[in-house]
Amino acid sequence: MDSDELTNDIHTADPGAGACVKPFTRASRRALLRALAGWSVLATLPPGVLSLRAAASGAPGTSGVAGLNAHSALIIVDVQNCFVSGGSLAVPHGEDVVPVINRLAGLFATVVATQDWHTPGHVSFASSHPGKKPFETIDLAYGTQVLWPDHCVMGTDDAQFVHGLDTIKAQLVIRKGFHQGVDSYSAFDEADHRTTTGLAGYLKERHVRRVFVCGLATDFCVAWTALDARMAGFDTAVIEDACRGIDLNGSLAASWRSMTAAGVHRIRSADLGIF
Ligand code: VGL
Ligand code: ZN
């Protein structure tokens, strides 16, 4: 497969992904291809655990815990009251990720947590657009925007981390979506694809090369974070049992297709060999 084929595959692999698919610029495609090259020698092994198995078998610089070393980071996405039972945008069984993530957090040298952190009257709220209802879409300058119930308004209890989530291990909290007119599913780049949160720079300065993404919701903020992590050149795995999805019009399956096409590894916490 040459680079063009690979690029085309990425473009066409997921025609139904709608809001989850991000345009690949020439520069970002180059970065993605560079990152993919690192995995290609392992392409015949089962998906999901390629790097983990390689590391477990004693690759230099690994700790003995499969795939985890000083260059690994855990990114805990949006485990906030709004996304669990009783919250304003509850993800089915969202709270079930908490014990899994708490066990994971202790394993990583670098842990980052994110909070969806919207202004009152944020552009992503249906209530900001007269005549529109939650889960409809509108076209904005930066692309299609799903409209949500009011959620995660900055400073409210709804926007706090879920009680019981172990955030003590988190060295950095990234708040995102606080620009009134721009949404940000991703922990790296806002939806205008221009404004960054600074997370890629932070991780690179901390010499992180591999990120493990977990949290809420699989098909929105987790997926966009994982796709941007790939585009920024990180080896990327999503820990499926440490995530839950919203599944809006097939968005959960579509997001997995997008992530798989981009080289994101779909793993389970058991693949880390510690539970
Ligand atoms: C999210 C919808 C709106 C998420 C955030 O965290 O996945 N989803 N805002
Ligand atoms: Zn939001």
Side-chain angles (χ1 to χ4, degrees), residues 17-22 75-98 101 112-129 132-138 140 142-162 165 173-192 195 197 199 213-229 238-240 242-256 258-259 264:
C20 292
V21 172
K22 306 186 73 175
I75 304 177
I76 305 170
V77 175
D78 296 4
V79 182
Q80 296 167 264
N81 290 333
C82 44
F83 297 118
V84 300
S85 297
S88 54
L89 180 44
V91 177
H93 307 288
E95 54 281 358
D96 292 356
V97 303
V98 171
I101 292 175
V112 175
T114 72
Q115 282 176 297
D116 212 36
W117 197 253
H118 297 311
T119 57
H122 190 256
V123 72
S124 72
F125 297 171
S127 63
S128 305
H129 305 273
K132 289 288 184 185
K133 294 195 203 58
F135 310 109
E136 292 178 356
T137 59
I138 51 163
L140 296 176
Y142 58 75
T144 302
Q145 172 72 52
V146 179
L147 296 175
W148 303 104
D150 290 22
H151 67 280
C152 290
V153 172
M154 49 179 63
T156 63
D157 191 53
D158 198 50
Q160 301 309 312
F161 289 118
V162 173
L165 179 74
V173 175
I174 292 275
R175 290 172 168 168
K176 60 188 180 57
F178 53 80
H179 290 122
Q180 175 90 3
V182 186
D183 205 359
S184 187
Y185 295 147
S186 164
F188 290 91
D189 292 325
E190 299 192 18
D192 63 2
T195 314
T197 64
L199 179 57
V213 187
C214 62
L216 305 170
T218 319
D219 36 351
F220 289 92
C221 292
V222 169
W224 284 54
T225 297
L227 290 169
D228 276 353
V238 169
I239 308 171
E240 188 173 11
C243 302
R244 291 294 183 278
I246 295 174
D247 204 11
L248 188 61
N249 304 321
S251 58
L252 187 57
S255 70
W256 280 117
S258 295
M259 289 190 278
V264 172

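Both counts, for ligands and for their atoms, begin at 1 and track the order of listing. Note: hydrogens, waters and symmetry copies are ignored here, and every other heavy atom, side chains too, is used.
- The six-membered or imidazole ring of Phe178 lies away from that of His118, with a centre-to-centre distance of 6.0 Å or more.
- Rounded to 10°, the angle that NE2 of His118 and NE2 of His151 form at the Zn ion (ligand 2) is 90°.
- In this structure, Ile138 and Leu147 have side chains that are in contact, with non-hydrogen atoms separated by less than 4.5 Å.
- Taking only nitrogen or oxygen atoms, main chain and side chain alike, Cys221 reaches within less than 3.5 Å of ligand 1.
- Those atoms of ligand 1 with a heavy atom of Asp116 less than 4.0 angstrom away are 5 (C), 9 (N).
- In summary, the atoms of ligand 1 found under 4.0 Å from a heavy atom of Trp148, numbered by their order in the structure, are 2 (C), 3 (C).
- The shortest N or O to N or O distance between Asp78 and ligand 1 is below 3.5 Å.
- Taken from CG in Asn81 to NE2 in His151, the straight-line distance is 13.5 Å, to the nearest 0.5 Å.
- When all heavy atoms of Ser186 and Asp228 are compared, the closest pair comes out as OG-OD2, 2.6 Å.
- Counting only heavy atoms from C-beta outward, the side chains of Arg244 and Asp96 approach each other to under 4.5 Å.
- One finds the CD1 atom of Ile76 at 12.5 Å from the OG1 atom of Thr225 (value rounded to the nearest 0.5 Å).
- Among the backbone and side-chain atoms of Cys221, no N/O/S atom is found under 2.8 Å from the Zn ion (ligand 2).
- Taking a cutoff of 4.0 Å between a charged side-chain nitrogen and a carboxylate oxygen, Asp183 and Lys176 do not qualify as a salt bridge.
- The structure places CG of Leu216 at 7.5 Å from SG of Cys243, a figure rounded to the nearest 0.5 Å.
- Residue Phe83 has no N or O atom closer than 3.5 Å to an N or O atom of ligand 1.
- Residue contacts to the Zn ion (ligand 2): Cys82 brings no N, O or S atom closer than 2.8 Å.
- Distances from the Zn ion (ligand 2) to the N/O/S atoms of Asp116 are shortest for OD2.
- The number of heavy-atom neighbours closer than 6.0 Å to NE2 of His129, taken from other residues, nucleotides and ligands shown, is above 12.
- At under 3.5 Å, a nitrogen or oxygen of Ala217, whether backbone or side chain, sits near a nitrogen or oxygen of ligand 1.
- By the 4.0 Å heavy-atom criterion, His151 is counted among the residues contacting ligand 1.
- Under 4.0 Å from ligand 1, the heavy atoms of Leu216 that appear belong solely to its backbone.
- Distance check for Asp78 against the Zn ion (ligand 2): none of its N/O/S atoms falls below 2.8 Å.
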